[in-house]
There are 2 protein chains.
Amino acid sequence: MSDLLERLRGRGWRLTSQRRVVAEVLDGDHVHLTADEVHARAARRLPEISRTTVYNALGELVALGEVIEVSTDGRAKRYDPNARHPHQHLVCSGCGTVRDVHPTGDALADLPVEERFGFTVAQAEVTYWGVCPECAGAAGKGE
Amino acid sequence: MSDLLERLRGRGWRLTSQRRVVAEVLDGDHVHLTADEVHARAARRLPEISRTTVYNALGELVALGEVIEVSTDGRAKRYDPNARHPHQHLVCSGCGTVRDVHPTGDALADLPVEERFGFTVAQAEVTYWGVCPECAGAAGKGE
DNA sequence: ATTAGTGCAAAGTATTTGCAATCTA
DNA sequence: TAGATTGCAAATACTTTGCACTAAT
């Protein structure tokens with residue numbers, strides 16, 4: 001694990017203890033934390049870390065292209081470190097859990113020229129919405 | 001125009017002057033306004049209308065299924081009255097303009113069972129990102 | 001008349017900014 | 001050392017809430 005940290009070092013990212021914990025917290029698959037969650041986890045290891053610094057670090061990681069910003073609903077943005085592996089998201093409309101998925105087919109190719117309005121289309125982002133097993137179970141029991 | 005208002009009346013939506021202007025402002029195609037923009041436009045016709053009321057009305061229209069909430073980036077949500085006609089969005093990464101598009105193919109069918117993690121998948125939301133003709137032109141000239 | 005809708009003021013959540021102190025390379 | 005990074009405090013953007021007043025059916 002943590003080739004994220006490796007890569008960052010290689011790219012000359014000035015390394016500080018707070019940046020290190022942020023990168024460590026973000027490392028892995030199926031990680032989709034909000035800025036606040038990143039801060040909370042980072043603070044377990046480095047209690048003094050401030051929210052500002054977490055926001056700074058996240059912003060830079062996004063700018064570097066190492067992390068993707070995902071805004072599923074209108075709530076807090078989530079940060080996905082899986083930027084190097086193209087994927088889409090499956091979101092639970094109950095609890096907001098996010099999973100990385102790999103659909104077949106190419107959504108980009110499905111947009112006809114006459115539907116492009118002169119845009120230079122670069123990317124197709126697909127978000128699948130559904131109910132996760134946990135929420136489905138809870139719904140069946142509750143009420 | 002304004003079958004939105006017709007439909008709402010038919011569904012027993014208690015009609016007030018402020019709700020009327022909100023519905024009128026939202027009526028049409030390729031409309032993707034933020035709550036604040038809706039408020040601004042509504043205020044042209046009804047200066048006393050409050051933001052609270054606009055938020056209330058928008059929330060209800062969404063609950064009624066007459067309007068869709070779209071959050072492209074992490075910014076303010078946008079409201080799309082085109083709920084009855086299934087469509088996807090094409091967003092300009094330069095200026096944020098949104099156009100409704102109708103891709104061929106079915107993104108939902110492109111998600112294999114083994115990629116569903118036990119979720120009951122209900123919907124596939126596709127957002128195309130690109131640069132609109134205006135922004136492309138501006139980029140070519142500037143700098 | 002009843003019940004639902006309105007809007008002010010205030011609080012809440014998410015994120016950004018200015019700037020002095022601090023630390024990495 | 002020089003320039004980048006940190007983090008506090010305060011500001012900003014967006015949205016929600018409590019509650020007294022008003023209006024639609």
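Numbered from 1 within each chain, the chains take letters A, B, ... in sequence-line order.
Salt bridge present: B:Arg11 and B:Glu66 bring a charged side-chain N and a carboxylate O closer than 4.0 Å. Between B:Arg41 and B:Glu24 there is no salt bridge, since no side-chain nitrogen of the basic residue lies less than 4.0 Å from a carboxylate oxygen of the acidic one. In summary, A:Glu115 and B:Arg99 do not engage in a salt bridge, as defined by a charged side-chain N under 4.0 Å from a carboxylate O. Residues B:Arg19 and B:Glu60 are paired through a salt bridge, judged by an N-O separation under 4.0 Å between the basic side chain and the carboxylate.
With sequence neighbours left out, A:Thr97 forms a side chain to side chain contact (heavy atoms under 4.5 Å, CB included) with A:Cys92, A:Cys95.
Side-chain to base pairing of A:Arg14 with C:dT24: one donor and one acceptor N or O lie within less than 3.5 Å of each other.
Separating the CZ atom of A:Arg9 from the P atom of C:dA25 is a distance of 9 Å, rounded to the nearest angstrom. Regarding B:Lys77, its NZ atom lies at a distance of 12 Å from the P atom of C:dA14, rounded to whole Å. Rounded to whole angstrom, the span from the CH2 atom of A:Trp13 across to the C1' atom of D:dT5 amounts to 11 Å. Atom OH of B:Tyr79 is separated from atom P of D:dC14 by 12 Å (rounded to the nearest Å). Going from atom CG of B:Asp36 over to atom P of D:dT15 covers 8 Å, rounded to whole Å.
Between A:His89 and A:Asp80, the side chains place a donor N or O and an acceptor N or O closer than 3.5 Å (distance only, hydrogens not considered).
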### Query
Reading nucleotides 6-13 of chain D from the 5' end, what letters show protein touch, with B for base, S for backbone sugar-phosphate only, - for no heavy atom under 4.0 Å?
BBBB----
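Minimum atom distance to the side chain of B:Leu15 is reached by D:dT25, of the listed D:dT15, D:dT25, C:dA14.
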